[in-house]
Undergrad: 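One structure coming up, written as structure tokens, with questions to follow.
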Amino acid sequence: MTHSITRRGLLRGGLACGVLPVLAGCGDMRLAAAPDAGGRDTALLLPLTGGAAGVGQNMARAASLVTLGDEGSAPRVHDTGDTAEGAAAAAKAALAAGAKILIGPLKADQTPAVLAVAGRVPVISFSNDDGLAAQGAFVMGVTPAQSVSTMFSYARAQGITKVAVVARPGPLGEATATAARQIGAAGGIEVTAVLLGEPGGSLALNGAQAVFLPDGGKALAGFARALKGVQLLGSVQWGVADIAGDANLAGAWFAAPPPDLFLPFADRFQAAFGEAPGVVAGLGHDAALLAVGLGNGRGLTRKGITRAAGFTGVLGGFRFLASGRCQRDLSVLTLNGGALSVLAEVTGT
């Protein structure tokens with residue numbers, strides 16, 4: 001079933017168990033405040049200065065929208081800057097202030113430095129690098145594999161069995177290619193080609209019925225111009241602004257947070273700060289929600305983080321595995337004639 005929505009006419013009924021469950025079980029993942037709700041024992045490690053300051057400040061702003069009334073306080077925010085040394089210093093300051101969970105840093109290359117000083121204190125990284133789980137971090141960022149799993153599940157249900165991956169060179173493209181091969185092999189989809197290059201090159205798709213394009217922005221527009229007559233699949237890196245005015249992307253399917261959860265948050269953020277938030281800002285909001293859900297002290301443990309019920313934030317339902325990896329519930333969206341529609345909800349990616 002396709003549900004049409006607008007900014008003001010959102011889907012009703014909240015987050016449902018998906019019509020395309022990747023893993024069995026949904027459970028009640030709505031985030032409720034713990035009896036001793038608050039975030040004073042949780043620290044957010046964010047870049048408030050340096051090259052990523054704009055991103056970090058928006059994440060902190062998003063976290064500030066989680067209001068606790070008179071029952072608690074928001075998580076403290078510590079500035080990591082851009083460097084591993086800055087992240088380690090921020091973690092040390094947070095631990096000295098009594099933090100029992102560290103949420104951050106933003107970047108993958110800062111996370112090992114935080115893990116090195118955290119000791120037994122759990123670290124939830126905002127990075128989308130799943131490899132950090134093997135080093136001891138919980139990985140909260142929306143990973144390439146989660147986008148691939150969402151889109152391949154939906155595409156396979158529509159009868160698509162051959163997909164090519166087209167992306168710019170770099171970590172996103174390489175991680176997407178790896179995930180596509182693994183997830184495709186397990187789910188009955190053949191990856192006919194992996195093409196890593198800049199927009200404008202020749203594209204030999206080798207009989208693909210669909211093309212997965214993980215990049216957003218100008219790269220997405222460039223690749224889309226070269227692809228005609230093939231179904232386009234997209235990642236959480238896409239945004240409605242990327243595709244709204246691009247006729248080459250009409251009818252494309254892409255992974256995204258559930259709009260009935262994300263759009264009300266986006267409206268509140270816009271009203272408070274005068275600009276639209278991105279998905280990364282939503283991570284900051286959901287980190288504060290997680291702190292509220294776990295409370296002060298008693299729930300701030302690895303057991304609390306990996307609770308079976310999981311959590312639900314503005315980016316959808318999510319749950320951490322003991323391995324450190326995160327499972328997410330994402331939607332499949334399409335945009336035609338300016339109308340955004342939800343094609344499916346996919347759980348447990």
Undergrad: Counting N and O atoms only, with roles assigned by atom type, does the side chain of Gln327 sit under 3.5 Å from a partner on the main chain of Thr347, one being a donor and the other an acceptor?
TA: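 Here the side-chain-to-backbone pair does not exist.
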Undergrad: Starting from Leu172, can I reach Leu220 by hopping between I/L/V/M/F/W/Y residues whose side chains sit under 4.5 Å apart?
TA: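 No, it is not one cluster - the side chains of Leu220 and Leu172 are not joined through contacts under 4.5 Å.
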Undergrad: Report the C-alpha separation of Gln237 and Val142 in whole Å, then their side-chain angles, then the decisive distance to 0.1 Å, and conclude whether the side-chain contact (heavy atoms from CB on, under 4.5 Å) test is met.
TA: CA-CA 9 Å; Gln237 298 291 327; Val142 184; over 6 Å; no
Undergrad: Do NZ/NE/NH1/NH2 and the carboxylate oxygens of Asp215 and Arg168 come within less than 4.0 Å?
TA: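 Salt bridge absent between Asp215 and Arg168.
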Undergrad: Can you name the closest pair of heavy atoms from Ala90 and Asp79 and give their distance?
TA: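 Heavy-atom minimum between the residues: CB-O, 3.5 Å.
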Undergrad: Is it the case that one hydrophobic cluster holds both Leu315 and Phe311, taking links as side-chain heavy atoms less than 4.5 Å apart, direct or via other members?
TA: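 Linked, Leu315 and Phe311 end up in one cluster.
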Undergrad: As an exercise, state the distance from CG of Leu233 to CD of Gln158, rounded to the nearest 0.5 Å.
TA: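 The CG atom of Leu233 sits 10.5 Å away from the CD atom of Gln158.
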Undergrad: Establish whether Ile103 and Val55 are linked, either directly or via other cluster members, by ILVMFWY side-chain heavy-atom contacts under 4.5 Å.
TA: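 Linked within one cluster.
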Undergrad: When clusters are formed by joining ILVMFWY residues with side-chain heavy atoms under 4.5 Å apart, either directly or through shared neighbours, do Ile160 and Val194 land in the same one?
TA: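 Yes, same cluster.
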Undergrad: To the nearest 0.5 Å, how far apart are CG in Asp286 and OG1 in Thr312?
TA: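 Asp286 atom CG to Thr312 atom OG1 measures 9.0 Å (nearest 0.5 Å).
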Undergrad: Looking at every non-hydrogen atom in both residues, tell me the closest pair between Phe318 and Gly313 and how far apart they are.
TA: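 Distance-wise, the nearest heavy atoms are CE2-N, 4.0 Å.
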Undergrad: Judged by atom type as modelled, is there a donor-acceptor pair below 3.5 Å linking the side chain of Gln146 to the main-chain atoms of Asn128?
TA: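 A pair under 3.5 Å: no.
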Undergrad: Under 3.5 Å, side chain of Gln135 to main-chain N/O of Leu132, donor-acceptor pair present?
TA: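 It does not hold such a pair.
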Undergrad: Going from CG on Leu263 to CZ on Phe269, what distance comes out if it is rounded to the nearest 0.5 angstrom?
TA: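 Between atom CG of Leu263 and atom CZ of Phe269 there are 14.5 Å.
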Undergrad: Salt bridge check: are Arg319 and Asp329 linked by an N-O gap of less than 4.0 Å?
TA: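 Between Asp329 and Arg319 there is a salt bridge, with a charged N closer than 4.0 Å to a carboxylate O.
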Undergrad: For the residue pair Thr111 / Ser127, report whether a side-chain donor-acceptor contact shorter than 3.5 Å exists.
TA: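 Not at all, the side chains of Ser127 and Thr111 share no donor-acceptor pair under 3.5 Å.
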Undergrad: Going through the checks in order, is the side-chain contact (heavy atoms from CB on, under 4.5 Å) test met by Phe254 and Ser331?
TA: CA-CA 8 Å; Phe254 63 102; Ser331 295; over 6 Å; no
Undergrad: What are the two closest heavy atoms between Ala155 and Trp253, and how far apart are they?
TA: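 Shortest heavy-atom contact: CA-CZ3, 4.3 Å.
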Undergrad: Measure the CG-OG distance between Leu213 and Ser235 for me, rounded to the nearest 0.5 Å.
TA: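 Rounded to the nearest 0.5 Å, the CG-OG separation comes to 9.0 Å.
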Undergrad: Ion pair present between Glu275 and Arg61, side-chain N to carboxylate O less than 4.0 angstrom?
TA: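 Yes, charged N to carboxylate O under 4.0 Å.
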Undergrad: For Ser64 and Phe273, which heavy atoms make the closest approach, and how far apart are they?
TA: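 Nearest pair, atom of Ser64 first, then Phe273: OG-CZ, 3.8 Å.
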Undergrad: Can you name the one residue among Leu44, Val280, Leu283 that meets side chain to side chain contact (heavy atoms under 4.5 Å, CB included) with Leu106?
TA: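 Output: one option passes, namely Val280.
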Undergrad: In terms of hydrophobic clusters joined by side-chain contacts under 4.5 Å, are Met140 and Val114 together?
TA: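 Looking at the clustering, Val114 is in a separate group from Met140.
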Undergrad: Which atom pair, heavy atoms only, marks the closest approach of Ala164 to Thr192?
TA: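 Residues Ala164 and Thr192, closest heavy atoms: CB-OG1, 3.8 Å.
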Undergrad: Quiz question: by atom type and distance under 3.5 Å, do the side chains of Lys162 and Asn206 form a donor-acceptor pair?
TA: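 No pair is found: no donor N or O on one side chain lies under 3.5 Å from an acceptor on the other.
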Undergrad: Given 3.5 Å as the limit, does a donor-acceptor pair link the side chain of Asp82 with the main chain of Gly51, or not?
TA: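 Yes.
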Undergrad: Can you tell if the side chain of Val211 reaches within under 4.5 Å of the side chain of Leu205, non-hydrogen atoms only?
TA: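 Result yes, sub-4.5 Å side-chain heavy-atom pair found.
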Undergrad: Can you tell me how far apart CZ (Arg328) and OG1 (Thr143) are? Round to the nearest 0.5 Å.
TA: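 With rounding to 0.5 Å, CZ (Arg328) is 8.5 Å from OG1 (Thr143).
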Undergrad: Which atom pair, heavy atoms only, marks the closest approach of Arg307 to Gly293?
TA: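 Here Arg307 and Gly293 meet closest at NH1-O, 3.6 Å.
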Undergrad: Could you grab the distance from atom CD1 of Ile101 to atom CG of Leu300, nearest 0.5 Å is fine?
TA: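 The CD1 atom of Ile101 sits 4.5 Å away from the CG atom of Leu300.
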Undergrad: When you look at Phe212 and Val166, which way does the side-chain contact (heavy atoms from CB on, under 4.5 Å) test go after all the steps?
TA: CA-CA 6 Å; Phe212 189 90; Val166 176; over 6 Å; no
Undergrad: Ring-plane angle category for Phe265 and His285, please: parallel below 30°, perpendicular beyond 60°, tilted otherwise.
TA: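 Answer is tilted, since the angle falls between 30° and 60°.
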Undergrad: Is there a donor-acceptor pair under 3.5 Å between the side chain of Ser149 and the backbone N or O of Ala145?
TA: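 A pair under 3.5 Å: no.
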Undergrad: Show, in sequence, the C-alpha distance, side-chain angles and deciding distance for Lys228 and Asn248, and conclude whether the side-chain contact (heavy atoms from CB on, under 4.5 Å) test is met.
TA: CA-CA 8 Å; Lys228 305 290 185 182; Asn248 295 313; 2.6 Å; yes
Undergrad: Do Thr161 and Glu190 have side-chain atoms, one donor and one acceptor, less than 3.5 Å apart?
TA: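 Side chains of Thr161 and Glu190: no pair found under 3.5 Å.
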Undergrad: Find out whether Val332 and Thr150 are in side-chain contact, i.e. whether some heavy atom of one side chain is under 4.5 Å from a heavy atom of the other.
TA: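 Yes - at least one pair of side-chain heavy atoms lies under 4.5 Å apart.
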Undergrad: Examine distances only and state if a side-chain atom of Gln231 and a backbone atom of Gly251 form a donor-acceptor pair shorter than 3.5 Å.
TA: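 Yes, because the side chain of Gln231 sits within donor-acceptor range (under 3.5 Å) of the backbone of Gly251.
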